[in-house]
Amino acid sequence: MTAFTVALVLVVAAAGLLRWRRPAWYWLAFGVTLAALRVLVRYRSVMDACGLTVPPARWRLSLARATNRPIPEPRPPHIRRLRPTRTGLVLRLKLRPGQDVFDIAAASDRLRHSFSMFGVTSREVRSGVVEVRMTGYDVLKRVQMPAETETRAMRVPVALREDGSVHYRDYRAIPHALTLGATESGKSVYQRNLVAGLAPLDVALVGIDCKQGVELFPLARRFSALADSPDTAAELLDALVARMADVYRLIRTQQRITVDVPDAEIAADIWDLPDELRPTPVVVLVDEVAELALYATKEEEKRRDRIITALVRLAQLGRAAGIYLEICGQRFGSELGKGITMLRAQLTGRTAHRLNDETSANMAFGDIAPDAVLAAIQIPAELRGLAIAGDASGGWHRIRAPHTSLRQAVNLCNRYADRTPDLPELAPFRPTTGTATELVPSAKAAPATA
């Protein structure tokens, strides 16, 4: 009996230590089993307390009265599947007649407390079927990306969502995006993760960094073109607009719309072209958009209008030509001048780190997800890297990118420097990097995201 007691104490102590120091290990070793049992045992009473049950059918009531049996209890949604994951549980429910997916969403906070989980989110899989994702611990406190992620052309993992799933940047689905964040909010780390994810792909990276290139020029060996001043940026954007026109002419010559051509072979964008004819897709990263929109003289105003006009044209027409925009900035508001709101309307993806003012949050989410505005301005300063991500569908969620140091990003760009395409239109803007630099071992990344 003494040996059993000692062993039990050791197991409890190990569980407590893991829960404190390694919550992911604790969850996989102990938490997932305890949480699954807790959900199954409490399920009916919790659903009844949260108002997620429906009265029994009339024929059941009639049958109970006719046979003098007890009246059937209210029925909760039927559990179709309970699946454990590395961060929590996934509960798939079949709704009863009269129930709605919004009922589950409205009760998410009550379900979180009742099942003793860290977070609960829900989404509709199809009509009548809802997937409830429950996280067992704070996955955004110490971000650990899964060892295996779903990667395909123009789709890269960049962060982890609060429900434990991976947040992808899919350029085929959301071609243009806006990323905002105050100083020391983690915006630069998010941008490094994006470049690191794009580096192994067959894509041309184009950077505009008006802070004399301090953010993007260390990654220059993987960039096909870089601009470090508004004057150079204006010329670079004009070259991209010219490339876009050339790509459209190529698509037009390959359309071949005749009766004999199958529908699948009719080209409408670069992805419909044969592999040997498809131009290289281009991702344009603008590090600080406000520097392109500010002006002090008449000449600078003309340059500013030229830059904004080119950005708007690329945002409106660039998708089919394989040109995608990543607009970043600390501040984004209508005071930046004409054309800014027109540019924002074309930026489908929105990501906001900690912001210093509500106006920028409204510019990011006011037109697509008003509920996300308050969440964006409530991000605490100590949680660097935490962000709100949304899109034109109206949905939003919290994300956090894993910490990637500048040295780690430089090493990745140097490793894949041979994949940097030479684009004739952008040759004058190709950065000069000199000889190849040797990879330097990176310091161990800190657990907290910076």
Side-chain angles (χ1 to χ4, degrees), residues 121 123 140 154-163 165-183 185-195 197-198 208 283-290 292-293 308 311-312 314-316 318-319 323-337 339-379 383-401 449:
T121 59
R123 69 179 184 92
L140 300 184
M154 302 307 298
R155 184 174 185 258
V156 296
V158 292
L160 198 65
R161 294 183 180 180
E162 61 179 339
D163 61 1
S165 60
V166 178
H167 179 69
Y168 293 91
R169 179 68 178 94
D170 191 344
Y171 289 93
R172 299 283 299 275
I174 302 177
H176 312 301
L178 173 66
T179 303
L180 299 178
T183 303
S185 65
K187 176 170 56 65
S188 297
V189 174
Y190 178 85
Q191 190 179 61
R192 288 176 205 157
N193 278 276
L194 190 60
V195 174
L198 291 170
I208 298 176
V283 175
V284 183
L285 294 100
V286 180
D287 183 66
E288 184 52 69
V289 66
L292 301 178
I308 298 302
L311 284 174
V312 171
L314 290 173
Q316 291 183 153
R319 181 204 61 83
I323 299 177
Y324 309 102
L325 297 181
E326 284 286 342
I327 307 295
C328 302
Q330 299 181 26
R331 180 76 173 84
F332 197 85
S334 56
E335 70 276 3
L336 294 180
I340 287 296
T341 54
M342 185 185 300
L343 175 61
R344 183 196 64 164
Q346 303 297 328
L347 305 177
T348 308
R350 310 286 175 82
T351 302
H353 296 73
R354 178 178 54 83
L355 297 170
N356 293 330
D357 62 301
E358 188 176 351
T359 304
S360 293
N362 278 318
M363 287 294 286
F365 300 114
D367 59 333
I368 60 171
D371 294 341
V373 174
L374 187 61
I377 62 176
Q378 288 182 338
I379 297 176
L383 289 181
R384 297 171 61 189
L386 187 65
I388 307 298
D391 54 46
S393 65
W396 62 275
H397 41 265
R398 291 179 177 86
I399 65 170
R400 198 178 191 188
T449 303

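Remember, predicted model here, so these are calculated numbers, not experimental data.
Residue L180 comes nearest to S360 through the heavy atom pair CD1-O, 3.7 Å, listed as atom of the first residue, atom of the second, then distance. Contact detail for A293 and I340: the closest heavy-atom pair is CB-CD1, 4.4 Å. Of all the heavy atoms in V156 and G197, the pair that sits closest is CG1-O, 3.2 Å. Taking every heavy atom of both residues into account, H397 and I399 meet most closely at CD2-CG2, 3.5 Å. Closest approach of F365 to G390, counting heavy atoms only: CE2-N, 3.9 Å. Smallest separation of non-hydrogen atoms from A361 and I377: CB-CG2, 3.7 Å.
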Evaluation steps, side-chain contact (heavy atoms from CB on, under 4.5 Å), between T351 and K187: CA-CA 9 Å; T351 302; K187 176 170 56 65; over 6 Å; no
L140/L383 under side-chain contact (heavy atoms from CB on, under 4.5 Å): CA gap, chis, key distance, verdict: CA-CA 9 Å; L140 300 184; L383 289 181; over 6 Å; no
Under the criterion side-chain contact (heavy atoms from CB on, under 4.5 Å), I'd like the reasoning laid out for R400 against L160: C-alpha separation, chi angles, the key distance, then a yes or no. CA-CA 6 Å; R400 198 178 191 188; L160 198 65; 5.9 Å; no
Worked verdict on I388 versus R398 for side-chain contact (heavy atoms from CB on, under 4.5 Å): CA-CA 5 Å; I388 307 298; R398 291 179 177 86; 3.5 Å; yes
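At least one donor-acceptor pair closer than 3.5 Å links the side chain of H176 to the backbone N or O of A315. Side-chain atoms of R344 come within 3.5 Å of backbone atoms of M363 as a donor-acceptor pair (strictly under, hydrogens ignored).
For E358, the CD atom is loosely surrounded, since the number of other residues' heavy atoms within 6.0 Å does not exceed 12. Within 6.0 Å of CZ in R319 there are 12 or fewer heavy atoms belonging to other residues, nucleotides or ligands.
To the nearest 0.5 angstrom, T348 atom OG1 is 6.5 Å from I174 atom CD1. For the atom pair CZ (R169) and CE (M154), the distance works out to 8.5 Å, reported to the nearest 0.5 Å. Rounding to the nearest 0.5 Å gives a distance of 12.0 Å between CD of E326 and CG of D287. To the nearest 0.5 angstrom, L336 atom CG is 10.0 Å from L292 atom CG. Distance check: H167 NE2 to R161 CZ gives 6.0 Å after rounding to the nearest 0.5 Å. Separating the CZ atom in F332 from the CG atom in L343 is a distance of 5.0 Å, to the nearest 0.5 Å.
Using bins of under 30°, 30° to 60° and over 60° for the plane-to-plane angle, the ring pair H353/Y190 lands in the perpendicular bin.
Of the listed residues (V284, V289, T179), just one forms a side-chain contact (heavy atoms from CB on, under 4.5 Å) with I327, and that residue is V289.
With sequence neighbours left out, Q330 forms a side-chain hydrogen bond (donor to acceptor under 3.5 Å, both in side chains) with T183. R123 is linked by a salt bridge (Lys or Arg N to Asp or Glu O under 4.0 Å) to E131, counting only residues two or more places apart in sequence or in another chain.
Residues R331 and N356 have side chains not in contact (no heavy-atom distance under 4.5 Å, counting atoms from C-beta outward). With a 4.5 Å cut-off on side-chain heavy atoms, L194 and L285 count as touching.
Judged by the 6.0 Å and 45° rule, R155 forms a cation-pi pair with Y168.
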